[in-house]
Amino acid sequence: MGLAETGDVRPNESHGGGAEMDEETLHRIEAEIPRLRRFARYLARDADVADDLVQECLLRAVSRIDTWEPGTNLRAWLLTILRNVFLTELRRIRRAPVRSEPDEERQAAAQDSAGANYQNDQDFAIYLAAVQRAFDRLGEEHREILLLVAVEELTYEEAAAVLDIPIGTVRSRLSRARTALRQLLHALPPKLEEGAA
Amino acid sequence: MNGALEADLQDYLDGRLGEAQRAEIAAYLLKHPDKAALFRLLREDAQALRSLGIEILAEPVPERLRATLRAGVAERRLGRRRLQTPQLQNAAAALFIFVVGAVAGWGAHTYLPRPPDPFLTQAEFAFSFFDAQREYPVEFGPDRDEDFKGWIAKLFKQAVGMPDLAANGFKYIGGRILPSSQSQTGIYMFEGSDGARMAIFFWPADQASSRDLAIRQLDKLTAALWQAGGFGFALVGDKTITDFQPLSQSIFAYYKKAFPSSP
């Protein structure tokens with residue numbers, strides 16, 4: 001991952017309204033680092049690789065700070081850069097991005113059952129752990145959309161901008177991802193799949 | 001119809017609906033217990049997802065990430081200045097190489113243009129502790145000077161001299177090495193005729209940056225901080241030492257001479 005590799009950052013190429021790298025912006029970016037690390041870790045599934053991605057993301061963010069429009073969601077802007085760093089790295093390593101394969105996911109997780117009718121904290125902790133395991137089994141696209149909307153709580157519009165896809169696609173992908181997760185958790189009435197697509 | 005409902009359910013789940021639509025969905029769920037059960041599950045999943053990887057958020061951020069950010073910012077600011085004043089180009093380029101080199105190299109050094117506050121905190125804490133040990137403030141007394149010097153040269157990869165402060169009324173009483181989160185810190189301790197103590201702390205820092213003397217007032221102590229020749233320094237002493245400032249200046253001058261700034 002070279003320092004010179006600053007291309008591939010899409011958001012707001014236009015100049016004029018861009019931000020300055022003042023102390024406040026610096027602190028705000030710094031405050032996002034834990035979330036960037038989490039996002040990267042769930043994308044890359046390797047803590048060291050994830051931190052390398054975040055590091056590259058931070059370098060790019062600083063050098064392209066004038067492409068962030070103050071007033072827009074800084075987190076979404078950073079996540080866009082981070083994701084692009086990840087994709088660049090992925091292309092470099094694998095030549096082609098991995099597609100999600102929900103059928104395999106479902107079968108692989110058949111033994112992982114988790115009811116949502118937990119009675120107490122301990123049950124909830126077990127349920128959380130099951131959700132975490134199920135999440136790890138999701139395909140990349142599904143992990144990504146859930147991370148953006150369900151974990152980082154971006155709006156559909158912001159997620160659409162990060163992923164560079166239409167809002168309708170965000171909606172349907174999110175629905176499929178949630179369905180896949182539910183299937184993995186083994187407590188899903190079979191009907192949802194048909195409706196959500 | 002069914003498909004539309006699922007989209008609505010999801011919008012409902014993600015709080016994207018207006019009041020009227022929300023009421024509509026709520027009424028629908030009341031009438032369709034199977035859908036309501038499904039919705040409860042989805043909502044619980046959403047709750048669980050919100051705490052996904054929450055333990056990662058609680059981890060301390062690796063220093064290299066903060067350092068990258070600050071190095072990037074420093075480089076960016078240098079870049080700006082370079083545009084304005086061409087005569088600074090070479091110096092800026094040299095510093096840029098150091099910054100980038102440091103980012104790429106990840107030595108166990110601090111090298112960024114920020115005061116070494118963690119070290120000061122450590123120095124303050126360490127000084128207070130050892131100062132309170134009236135009998136055993138040091139590990140290596142003056143009688144084991146040779147051993148101590150040898151160890152320092154090995155640890156820091158070079159000798160670190162010690163100013164003679166007898167003329168200022170302070171005698172050297174010995175020193176020790178402390179581990180720290182980033183490297184190690186050497187301590188030389190001195191005692192005045194009235195028993196007031198002060199200590200010189202030194203630790204590896206960036207070769208490229210030198211920092212002028214800055215005096216800090218701490219709770220019960222006074223500290224002077226500077227950076228020279230690949231070391232960070234702190235002089236920490238009792239607040240009762242009246243000539244702390246001139247003392248710190250002569251110690252600063254001593255190390256500046258001992259470690260002329262690197263080429």
Side-chain angles (χ1 to χ4, degrees), chain A residues 3 21 23 25-26 29-30 33-39 41-42 47 50-51 54-56 58-63 65 114-118 124 127-128 130-132 134-135 146-147 149-153 155-156 168 171-172 174-175 178-179 181-182 185 187-189 191-192 194-197, chain B residues 1-11 13-16 32-77 79-80 96 99-101 103-104 106:
Chain A
L3 290 169
M21 186 46 90
E23 279 299 307
T25 311
L26 176 62
I29 294 179
E30 207 167 356
I33 294 179
R35 285 172 178 277
L36 296 176
R37 293 183 73 222
R38 172 169 71 175
F39 185 72
R41 193 158 324 164
Y42 278 103
D51 280 348
V54 173
Q55 189 175 334
E56 178 66 18
L58 292 171
L59 279 173
R60 289 191 192 185
V62 169
S63 72
I65 189 64
N117 299 321
Y118 42 85
F124 187 65
Y127 167 60
L128 275 187
V131 169
Q132 182 121 10
F135 183 87
L146 285 175
L147 279 172
V149 177
V151 181
E152 296 302 344
E153 301 184 80
T155 64
Y156 290 5
R171 209 179 236 117
S172 56
L174 191 58
S175 171
R178 281 178 165 140
T179 306
L181 186 74
R182 200 81 290 283
L185 290 168
L188 182 73
K191 266 195 172 171
L192 177 71
E194 301 157 22
Chain B
M1 169 72 206
N2 198 17
L5 171 74
E6 300 304 344
D8 282 355
L9 257 192
Q10 178 162 270
D11 279 356
L13 179 69
D14 288 328
R16 294 180 61 85
H32 297 81
D34 56 327
K35 292 287 177 192
L38 168 62
F39 182 75
R40 264 200 305 280
L41 288 175
L42 288 175
R43 198 173 51 197
E44 277 161 6
D45 289 347
Q47 271 169 3
L49 283 172
R50 268 196 290 277
S51 37
L52 185 79
I54 211 159
E55 72 284 355
I56 300 172
L57 299 186
E59 287 174 11
V61 168
E63 189 49 38
R64 69 161 164 142
L65 295 182
R66 285 188 200 286
T68 297
L69 186 59
R70 296 195 175 273
V73 171
E75 186 254 309
R76 187 182 166 84
R77 283 176 186 158
R80 283 274 159 77
F96 172 67
V99 169
V100 170
V103 168
W106 300 129

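In the text below, chain A, chain B and the rest are named by the order of the sequence lines, each starting its count at 1. Heavy atoms only: backbone and side chains are in, while hydrogens, waters and symmetry mates are out.
For a residue to count as touching a neighbouring chain, one of its non-hydrogen atoms must lie under 4.5 Å from one of that chain's; by this rule B/E55 touches chain A with the side chain only. Neither the backbone nor the side chain of A/E152 comes within contact range of chain B; no heavy atoms are under 4.5 Å apart.
Using modelled atom types and a 3.5 Å distance limit, the side chains of B/R64 and A/Q55 yield a donor-acceptor pair.
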**Request:** Quick one: do B/T68 and A/E56 satisfy side-chain contact (heavy atoms from CB on, under 4.5 Å)? Show the steps, please.
**Result:** CA-CA 9 Å; B/T68 297; A/E56 178 66 18; over 6 Å; no

**Message:** Using the rule given for side-chain contact (heavy atoms from CB on, under 4.5 Å), can you reason through A/E30 versus B/V61, listing the C-alpha separation, both sets of side-chain angles and the distance that settles it, and then say yes or no?
**Reply:** CA-CA 9 Å; A/E30 207 167 356; B/V61 168; over 6 Å; no

**Message:** Before you tell me yes or no, could you show the steps for A/L36 and B/L65 under side-chain contact (heavy atoms from CB on, under 4.5 Å), namely the whole-Å CA-CA distance, both residues' side-chain angles and the distance that decides it to 0.1 Å?
**Reply:** CA-CA 11 Å; A/L36 296 176; B/L65 295 182; over 6 Å; no

**Asked** Going through the checks in order, is the side-chain contact (heavy atoms from CB on, under 4.5 Å) test met by B/D14 and A/L174?
**Response** CA-CA 11 Å; B/D14 288 328; A/L174 191 58; 3.5 Å; yes

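For the atom pair CG (B/L52) and CZ (A/F135), the distance works out to 5.0 Å, reported to the nearest 0.5 Å. B/D11 contributes atom CG, which lies 4.0 Å from atom CZ of A/R171 (distance to the nearest 0.5 angstrom). In this structure, A/L128 CG and B/R50 CZ are separated by 11.5 Å, a value rounded to the nearest 0.5 Å. Between the CD1 atom in B/I54 and the CZ atom in A/R38 there is a gap of 7.0 Å [rounded to 0.5 Å].
Note: A/D51 leads A/V54, A/D51, A/L58, A/L181 in heavy-atom pairs under 4.5 Å with chain B. Contact count versus chain B (heavy atoms, under 4.5 Å) is highest, among A/R41, A/Q132, A/E153, for A/R41. The candidate with the highest count of non-hydrogen atom pairs below 4.5 Å against chain B, out of A/V151, A/T155, A/L146, is A/V151.
The minimum heavy-atom distance linking A/L59 with B/G72 is given by the pair CD2-CA, 4.5 Å. Nearest heavy-atom pair, B/A48 versus A/Y127, reported as atom, atom and distance to 0.1 Å: CB-CE2, 3.9 Å. Minimum heavy-atom separation, B/P60 to A/R37: O-NH1, 3.6 Å. Taking both residues in full, the closest heavy atoms of B/L49 and A/A150 are given as CD1-CB, 3.6 Å, listed atom of the first, atom of the second, then distance.
Across A/I29, A/I65, A/V62, a single residue satisfies side chain to side chain contact (heavy atoms under 4.5 Å, CB included) together with B/V73, and that is A/V62.
Look at B/D45 and A/R178 and you find no salt bridge, because none of the NZ, NE, NH1 or NH2 atoms lies under 4.0 Å from a carboxylate O.
Between the A/Y156 side chain and the B/R16 main chain, no donor and acceptor come within less than 3.5 Å of each other.
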